[in-house]
Amino acid sequence: MPAPVCAPAVRLPARTPPCRRMHRTYAMANSRRVAKVSKQLEREISELLLHDKVLKRAVRPEVHMSSDDSEKWEMDNLGISGFVSVTSVSLSNDLQVAKVHLSIMSDSVGTSVAMRNLVGLQGYVRSRVGRTMKLRLTPEIRFDLDESFQRGTDVLGLLDRIRGDEERPLIDVGPEDMDDDDTVGEWLDEDENEDENENEDDTALLEDDSLWEDPGAATTTK
Amino acid sequence: MVKQVRKARNVRRRLPRGVVHIYASFNNTIVNVTDSNGNVVAWSSAGACGFKGAKRGTPFAAQMAAQQVVQKCTDMGMKRIEVVLRGPGAGRDTSVRALQAGGLAITLLRDITALPHNGCRPPKNRRV
């Protein structure tokens, strides 16, 4: 079946060969304009995700589930269960389709719920963006989950493990750090040979074998 | 009479917990670390990391700024932090992830982006 012949956007000269007349002609925007429009789209959608009530409810549905006002206030001020940010916008050359890459910071359930709700609101976002941006045709918005940063962090961790470096552990928050008082200790650099003093303490600890022995382990005798 | 100038001593603070303020605008990401009272003890930004122009507003630049801050926090002995976010930029999420990956325990995550109750007239729309 031959490809449909559309009327070209630009009137082609009479000597144009028929093979060229058969091709569809798209109205392509300048690459600089595509970059400008995609950047503006990113700003508009970021603002919407922050300020629009419908989108905020889509990302954090549990906030609006409680009927009691005091409970809602408490949930609002405890912190957020998940939040969304726009990492980039990929716009087609004809300014018709915009892929919005979102990064959602939440657990797996929260991420899937937020993503499902936002995908359902793609048309709503398109209408809101069309009101603020003056374009001939507002591009179709498609939300896409961006997991590249998480994947990158995981890959870097794997590389560190392969190289043999110790995986940086989460700093253990012991009971002594759970005090409410903000004890701020200050010390002054009184000595110029401060580094030597520090090293002495560290080597003394390293040389103390009793710290490294496991009292529960069976001792082997030769 | 010769004025005696007192040299400032090199004071280092030990702070077990602090508050990290992340201001993520469209053009830059600034990360400030304060104590519970709001006094700044360390800071970094995408521009301070060497990025120039439009690259400062990228999520990667925000990640690098957060990593620098993590280094300064661990030097101060900081273990627990509260994160306070402000602004609509792309560096919001990546900077928080970088703080987590750096080993700091995040106890609270709050967004304090200013929300007008229909106050000042916003600037006119940009034409593209």
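Here is how names work: the chains are called A, B, and so on, in the same order as the sequence lines, proteins then strands, and each is numbered from 1.
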Of all residues at least two apart in sequence or in a different chain, which pass the side-chain hydrogen bond (donor to acceptor under 3.5 Å, both in side chains) check with B/Q67? none

Contact class of B/A114 relative to chain A, heavy atoms under 4.5 angstrom: backbone

Measuring from atom CG of A/L50 to atom CZ of B/R92, what distance do you get when rounded to the nearest 0.5 angstrom?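 Here the rounded value is 5.0 Å.
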
Holding to side-chain contact (heavy atoms from CB on, under 4.5 Å), I want the full list of residues that pass it with B/S45, two or more places apart in sequence or in another chain.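 By the side-chain contact (heavy atoms from CB on, under 4.5 Å) rule, B/S45 matches B/N28, B/I30, B/W43, B/A48.
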
I need the minimum non-hydrogen distance between [X] and [Y], along with the two atoms involved.
| X | Y | value |
| --- | --- | --- |
| B/A90 | A/T87 | CB-O, 4.2 Å |
| A/S46 | B/P88 | CB-O, 3.5 Å |
| B/N125 | A/T132 | ND2-O, 3.4 Å |

Might you confirm whether atom OH of B/Y23 has over 12 heavy atoms from other residues, nucleotides or ligands at distances under 6.0 Å? no

Which bit of A/R33 comes within less than 4.5 Å of chain B, counting heavy atoms only: side chain, backbone, both or neither? side chain

Side chain, backbone, both or neither: which part of A/I104 has a non-hydrogen atom closer than 4.5 Å to chain B? backbone

Among B/T58, B/L115, B/D93, B/V128, residue most engaged with chain A (heavy-atom pairs, under 4.5 Å): B/D93

Interface residue of largest heavy-atom contact number with chain A, from B/A24, B/P59, B/A98, B/A54, under 4.5 Å: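 Top count of heavy-atom pairs under 4.5 Å with chain A: B/P59.
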
When A/Q40, A/K36, A/R43 are compared by non-hydrogen pairs under 4.5 Å with chain B, the top option: A/R43

Check whether any side-chain heavy atom of B/R126 lies under 4.5 Å from a side-chain heavy atom of A/K39, and answer yes or no.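 A side-chain contact under 4.5 Å is absent here.
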
